[in-house]
Amino acid sequence: MKSAMKSSAVIVFFALHCYSAFAEHALANPVRDVLKLMHHLVEQIEADGAADEKAYRKFSIWCEDSARNSDNAVKRATQQKAHLEAKISKLTSSIDVAGTKIDELVSAIAEVEAEVKKAVVLREKEHGAFVEDEHELVEMVNALSRAVKLLENKDV
């Protein structure tokens, strides 16, 4: 499209130039002024075309860079997604293992608490028996002490 525009501009410019050379001798000043204006217009169109082409190249480079950056961002995100999915899977497995361990520990704690309750009941029962036996023994010792004193008093 740009080359067609340039070709058209060149053809118009050449035609105008040939015509201006011929008309310069034969025509009056107003025609020459029109030809100068047309020549100036051709120069302006060529300058605008060059500026547009420069802007197009810059935009094209920007588009390529943006596409490349987007591709890299997608690749990094895909890799990060895979890494995070693996990490989630690993942590889910760890959660399952920890849940099983917690269940085992809860069961073990329940067993130990049951054993402690049994031991406390047994200890209370044995303590009660000990207190009774001690009370009996103290009474026997006291009775024996009184008996010894009575016997000692009779012997004297």
Side-chain angles (χ1 to χ4, degrees), residues 1-139 141:
M1 180 171 144
K2 291 181 183 179
S3 62
M5 182 195 271
K6 282 185 179 181
S7 298
S8 300
V10 169
I11 291 171
V12 169
F13 178 74
F14 181 74
L16 289 175
H17 183 64
C18 290
Y19 183 72
S20 68
F22 172 76
E24 204 172 305
H25 298 296
L27 298 175
N29 279 342
V31 174
R32 192 178 316 149
D33 290 342
V34 169
L35 290 175
K36 283 183 184 179
L37 286 174
M38 290 179 80
H39 177 69
H40 178 69
L41 183 61
V42 167
E43 289 175 348
Q44 183 67 37
I45 289 172
E46 287 176 348
D48 288 348
D52 286 346
E53 187 171 335
K54 183 178 179 182
Y56 174 78
R57 274 189 254 121
K58 281 184 179 180
F59 180 69
S60 176
I61 290 170
W62 177 83
C63 286
E64 289 171 2
D65 289 346
S66 294
R68 196 172 20 257
N69 290 341
S70 294
D71 288 344
N72 289 337
V74 167
K75 285 178 186 175
R76 281 192 310 270
T78 302
Q79 290 171 346
Q80 187 176 17
K81 178 186 173 198
H83 172 73
L84 291 174
E85 285 175 344
K87 193 170 187 177
I88 287 170
S89 177
K90 181 180 177 183
L91 291 175
T92 301
S93 174
S94 295
I95 288 171
D96 292 342
V97 168
T100 302
K101 183 114 177 159
I102 288 170
D103 292 342
E104 290 172 359
L105 291 174
V106 166
S107 175
I109 288 170
E111 288 175 16
V112 168
E113 286 177 346
E115 290 176 13
V116 167
K117 283 182 183 178
K118 287 179 186 177
V120 167
V121 168
L122 180 63
R123 170 75 173 98
E124 288 173 354
K125 186 177 175 182
E126 289 176 347
H127 179 68
F130 170 77
V131 169
E132 284 180 25
D133 289 345
E134 181 184 34
H135 183 67
E136 271 183 43
L137 289 173
V138 167
E139 284 182 16
V141 168

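Everything numeric here is computed off the predicted structure, so don't read it as measured data.
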Task: Reported NE2-to-NZ distance for the pair His39 and Lys36, which is rounded to 0.5 angstrom - done: 10.0 Å

Open item on the list: Looking at Ser107 and Asp103, would you say the former's side chain and the latter's main chain have a donor-acceptor pair under 3.5 Å?
Closed with: no

TODO: Ignoring hydrogens and angles, tell me if any N or O in the side chain of Thr92 forms a donor-acceptor pair with the backbone of Ile88 under 3.5 Å.
DONE: yes

- [ ] With rounding to the nearest 0.5 Å, note down the distance linking CG in Leu35 to CZ in Arg32.
- [x] 9.5 Å

Task: Interatomic distance, Lys87 atom NZ to Lys90 atom NZ [nearest 0.5 angstrom] - done: 8.5 Å

Please tabulate, for side-chain N and O atoms in residues 61-85, each donor-acceptor pair with protein atoms closer than 3.5 Å (sequence neighbours left out).
| residue | atom | partner | partner atom | Å |
| --- | --- | --- | --- | --- |
| Asp65 | OD1 | Arg68 | NH2 | 2.5 |
| Ser66 | OG | Trp62 | O | 3.0 |
| Asn69 | ND2 | Asp65 | O | 3.3 |
| Ser70 | OG | Ser66 | O | 2.9 |
| Asn72 | ND2 | Arg68 | O | 3.4 |
| Thr78 | OG1 | Val74 | O | 2.7 |

Task: Heavy-atom side-chain proximity of Met38 to Val42 below 4.5 angstrom - done: no

Task: Heavy-atom side-chain proximity of Leu41 to Leu37 below 4.5 angstrom - done: no

TODO: Would you give the length of the straight line joining atom OG1 of Thr100 to atom CG of Leu105, rounded to the nearest 0.5 angstrom?
DONE: 11.0 Å

Open item on the list: Under the criterion side-chain hydrogen bond (donor to acceptor under 3.5 Å, both in side chains), I'd like the reasoning laid out for Gln44 against His40: C-alpha separation, chi angles, the key distance, then a yes or no.
Closed with: CA-CA 6 Å; Gln44 183 67 37; His40 178 69; 4.7 Å; no

Open item on the list: Can you tell me how far apart CD (Glu132) and NE2 (His127) are? Round to the nearest 0.5 Å.
Closed with: 11.0 Å

